[in-house]
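In what follows, a single structure is set out as structure tokens and then discussed.
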Amino acid sequence: MNPRIETIRQWISQEKVDAVLLNKPANRAYAAGFTGSAGTVVVTPDQLYMITDFRYKSQVQEQSPAFTYLEIDKNETAIKYINNLGFKRVGIEEEFISYSLAMDYKEKIHGIELVPMKSQLTKIRSVKDAVEVDHIRKAAALADEGWDMIREKVRPGVSEKELALELEFFMRKKGADNVSFTFIVASGNRSALPHGIASDKLVEAGDFVVFDYGNVINGYCSDMTRTLVVGQATDQQKEIYDTVLKAQIASLEAVKPGITGVELDLIARNIITEAGYAEYFGHGLGHGVGIEIHELPHLNHLGTEPMVPGNIITIEPGIYLPELGGVRIEDLVLVTEDGYEVLSHSDKALVEIPV
Ligand code: ZN
Ligand code: ZN
């Protein structure tokens with residue numbers, strides 16, 4: 001039996017429900033391998049159903065052969081079948097389903113108790129098995145190849161959007177299924193925006209340029225950030241870069257089972273604070289990565305759970321000065337039995353683009 005289904009069955013037995021309905025795309029993908037954009041996965045102690053419409057019929061047969069395909073019209077919901085499967089208590093994903101779907105369930109499901117369930121799957125998904133690690137390793141390796149390519153294209157006069165597009169085109173041509181999020185390519189003052197997606201701004205001499213990007217392979221994301229300088233770095237640019245790098249390496253080297261996200265965050269934050277930039281590091285140290293780009297575990301003030309082998313996390317401190325620009329350095333890291341393995345291999349020494 002598929003160990004993922006076993007885990008979901010343990011969860012539903014703890015919650016004392018006869019079935020759980022999974023609508024969140026990442027949970028459908030985890031449970032059934034299904035990557036279609038509509039459908040309800042139903043897991044019971046002895047049955048597996050995929051309720052979706054005709055557009056996905058052959059996809060279900062291909063991706064989710066263990067699941068019985070139950071067809072609905074494109075405008076219908078799973079309710080059509082739920083009433084007739086003999087359930088007494090059914091779990092729903094309280095953090096995901098829409099208000100209108102919840103109302104619909106309430107109105108049209110008869111004689112069945114609906115049990116809002118916090119997704120245990122989010123937690124279960126934070127520990128990756130060997131196959132998942134392999135997908136993410138491949139996505140990270142492709143991002144490394146992307147970096148070797150794109151750093152050669154940076155020059156004064158090229159736009160952020162053009163760089164983002166070249167990077168995406170390159171990785172897709174090399175087999176990426178998708179990008180894992182809208183790329184951040186932020187130069188000059190814009191590099192001080194932690195989430196500055198690529199704009200029409202042209203790169204200029206003297207700019208910091210932050211690249212934060214990733215791709216999806218077999219449904220799994222990668223995430224990496226590198227920052228370079230166009231022309232020779234000033235002393236202040238070097239100081240900021242070195243501080244972020246020192247913070248990044250120190251928290252990275254502390255990764256091991258048992259340490260918490262709060263503790264890892266503090267290691268980087270203390271280094272940045274000692275250098276006098278505390279107020280310019282306004283976000284958490286990182287996050288888990290998997291089917292979704294942001295998953296558990298937390299690596300910020302919420303990260304009180306100890307790391308366990310199989311977690312895949314990012315370590316991404318930054319310093320953002322509104323006038324001068326910003327620096328962020330981010331690696332993807334696997335927590336192993338005795339420490340960590342860095343999945344991002346791109347060099348982190350400061351790159352100065354000759355102008
Ligand atoms: Zn990132
Ligand atoms: Zn990230």
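Counting starts at 1 for both ligands and their atoms, following the listed order.
Within a 6.0 Å sphere centred on CD of Glu62, heavy atoms belonging to other residues, nucleotides or ligands number 12 at most.
Each protein N, O or S atom less than 2.8 Å from the Zn ion (ligand 2) was counted, giving 4.
The aromatic rings of His135 and Tyr220 lie tilted to each other, with the angle between the two planes from 30° to 60°.
Taking a cutoff of 4.0 Å between a charged side-chain nitrogen and a carboxylate oxygen, Arg190 and Asp207 do not qualify as a salt bridge.
No donor-acceptor distance shorter than 3.5 angstrom exists from the side chain of Glu330 to the backbone of Thr314, with no hydrogens or angles considered.
Looking at residues two or more places apart in sequence or on another chain, you find a side-chain hydrogen bond (donor to acceptor under 3.5 Å, both in side chains) between Tyr69 and Glu71.
Residues Lys138 and Leu142 are not in side-chain contact: their nearest non-hydrogen atoms beyond the backbone lie 4.5 Å or more apart.
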